[in-house]
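Because the structure is predicted, anything quoted here is derived from the model rather than measured. Naming convention: chains lettered A, B, ... in sequence-line order (proteins, then strands); numbering from 1 in each chain.
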Protein chains: 2
Amino acid sequence: MVSSSGTEPRRVTIHDVARSAGVSRQTVSRALNDKDEIDGSTKQRVLDAARELGYRPSRFARGLVRQDTTTIGLVIPDLLNPFFTEVAAAALEAARTRGWHVVVYDTADSAEEELGTLQVITSQVDAVVGYFRCSEDDLERFTRGAPVVLIGREHHTARFSSIRIDGEEGVRAAVAHLVARGHRRIGMLDHDGRAEPSIRREWFTTAAAAYGIDAGLVVGADQSADGGGAALRTLLAAHPDVTAVFTFNDIIAIGALREARRLGRSVPQDLAVIGFDGLQLGTLVEPPLSSVALDTRKLGALAIDQVGRLLTGIDPLGADGLVVRAELRPGGSA
Amino acid sequence: MVSSSGTEPRRVTIHDVARSAGVSRQTVSRALNDKDEIDGSTKQRVLDAARELGYRPSRFARGLVRQDTTTIGLVIPDLLNPFFTEVAAAALEAARTRGWHVVVYDTADSAEEELGTLQVITSQVDAVVGYFRCSEDDLERFTRGAPVVLIGREHHTARFSSIRIDGEEGVRAAVAHLVARGHRRIGMLDHDGRAEPSIRREWFTTAAAAYGIDAGLVVGADQSADGGGAALRTLLAAHPDVTAVFTFNDIIAIGALREARRLGRSVPQDLAVIGFDGLQLGTLVEPPLSSVALDTRKLGALAIDQVGRLLTGIDPLGADGLVVRAELRPGGSA
DNA sequence: AGCGCTCCCGTGAGCGTTCACGTGAACGCT
DNA sequence: AGCGTTCACGTGAACGCTCACGGGAGCGCT
């Protein structure tokens, strides 16, 4: 099929098909995009010739002339992380209803890859939405004027939009829930690996203060179930009187759940657990995870919506409209 | 920034930048792709002009002339299904190392969407990788000559490549494992919703026969954890003497695990469970799921590899090379 | 002075499509 | 017969960019 002669196998163009079928380019184009103004028999003849030659239209040439097809780049650190999976799925769905194409880039949790991706992506897509950790300067430099929507991150320059995650009220509700159940010693398994303490920890701290709870029982956890388990062990070793934990996210919470079982603490009787994110995953474990739940579907959809507004330039949402609020969703683990 | 006058806001082209900077198109091109043969000061001047005008190169025009950038389309039924998540992540990674771009299409488990996607995808990507349920005729008709690699599906025409999943040996090992543990009444929770019985059930049947086990204790399950739980209940109601179950996949197995706990059956003592797929998810539950594990990483990588071979036309793998074998991976659930 | 070299920069062509026209043939009508 | 209309098809241009050239200015060298 493919001739492997020494010379470069020149691409089959619409011209070749036209010549082979004895018609003009335009007629070929008409046949392929089945438009009017073409006779049935010649159409068939053209189609046959195209198939015969293995002709495939160039998406670039086509895209150049009809400026439809918008493609947006979705950048996430790790598709295997269920949180990003859910966001990505939501974004894909939202894009699909608009007929947009989404190129997904998984940066493998590497800052280096993120920058590399950013560099290459800009020349390949019309707009970018993603979860970035790099500096705004780098973003500014590498996106080169493309519309950008940041997820779950504050931004300080006007160049970007970002979807803010507001969990303050939800975390307060979670603490209130625990307090109402009689818990007074409430620990937190935070996400470490970041330089500064997480915003979620701040929410926890203020909520705890509001209820007169000691907010100092915090242990850093690796971003994994095993990390959550290990952190719980550390926490309980240091503070055996802890009866409830709030975690940075559901992955860590699930690890804690598992570890609690291994330690012989039954949930929620001996230990109450509340996670953050509200992943579907949390419904699979026993007992179902209580969580300060984020509407990941809305998160993805909102990001796509805003990117569309930026693309057309009409009526982009301001910061007020770009918020997703997390709410306490009781499962059985607290 | 964007003028919303009545007229269509014509795109800013390289020509506009050239005029604004008082140079030629070529010089602009040199500045942007930072090539040699350009003076430092003019380069800066061009860059400034480009930023000023909000210039963004057209990926179509660029792609048209330099025929690099290959884009492949990845079609999956549901990104939220962990199996497809893992395959997709593996494919993304494999593509990334090659510098390829991957457009992901989630068909929302709908045959209709699948066909629609197939139709639109062909003009947007260089090759297609995916998990399809439609007929080969439809595939043939809609892919229009693009290289196609099917995942986990047999094919009968020479037009396509497909990665075959071979779990025969793995399922036999699973049954052997159960038999060695003294189980004689082994049920199966199959995937229903398909017309014909699954190939995995066939593997189970032949393995059971080899060990003199009744292979008739099969219940169809919905493709979800809840479905798995419901199916287990049905199975145990009909055959209370069942002490072990093999399931169509890990999702169903996890549902069964959860249901067993609710029924007061402890795993693996009162009920042994072995799933299929070997998802990472299986390690999160308690006890960790035993499973006939597929190397999803290899699955995705292999698909990308083959699509690359088809693209270049050199040395495409035959059916023998396109197999991923599933192997029993003991957890704690059996 | 003449030659050659390097450094910058510009010009024409071409990538493969589609769009807006133009055109000839065939047909029906008054 | 003359005219308008439809049908089927072809021709130039344009989309926005890069590549392969060509060429002038400035320099040092013999």
Touch class at under 4.0 angstrom, heavy-atom based, for K43(A) against every strand present: nothing
Atom pair distance, as rounded to whole Å: CD in Q44(A) and C1' in dA8(D): 17 Å
Sugar-phosphate, base or nothing in reach of R59(B), heavy atoms under 4.0 Å: nothing
Identity of whatever pairs with dT30(C) - Watson-Crick or G-U, under 3.5 angstrom: dA1(D)
R11(A) side chain, from C-beta outward: closest of dG16(C), dA13(D), dG14(C): dG16(C)
Proximal nucleotide (of dA8(D), dC15(C), dT18(C)) relative to the Q67(B) side chain: dC15(C)
V28(A) or L64(B), whichever maps to the more 5' nucleotide of DNA chain D: V28(A)
Whole-Å distance separating the CD1 atom of I14(A) from the C1' atom of dT11(D): 14 Å
Side chain of R66(A) - closest among dC19(C), dC19(D), dC9(D): dC19(C)
S161(A) and L317(A), any side-chain heavy atoms less than 4.5 Å apart: no
Atom-pair distance (CG on D36(A); P on dC19(C)), nearest Å: 13 Å
Base dG16(C) to side chain R56(A), donor-acceptor N/O within 3.5 Å cut-off: no
Sugar-phosphate only, base, or nothing, as touched by N33(B) at under 4.0 Å among non-hydrogen atoms: sugar-phosphate
Spacing of H15(A) atom NE2 relative to dT17(C) atom P, expressed in whole Å: 11 Å
Donor-acceptor pair (no angle test) under 3.5 Å: E37(A) side chain, dC9(D) base: yes
L32(B) CG to dC17(D) P, straight-line distance once rounded to whole Å: 9 Å
hbond_proxy Q26(A) side chain to dC19(C) base (donor-acceptor, 3.5 Å cutoff): yes
Spacing of R30(A) atom CZ relative to dA20(C) atom P, expressed in whole Å: 13 Å
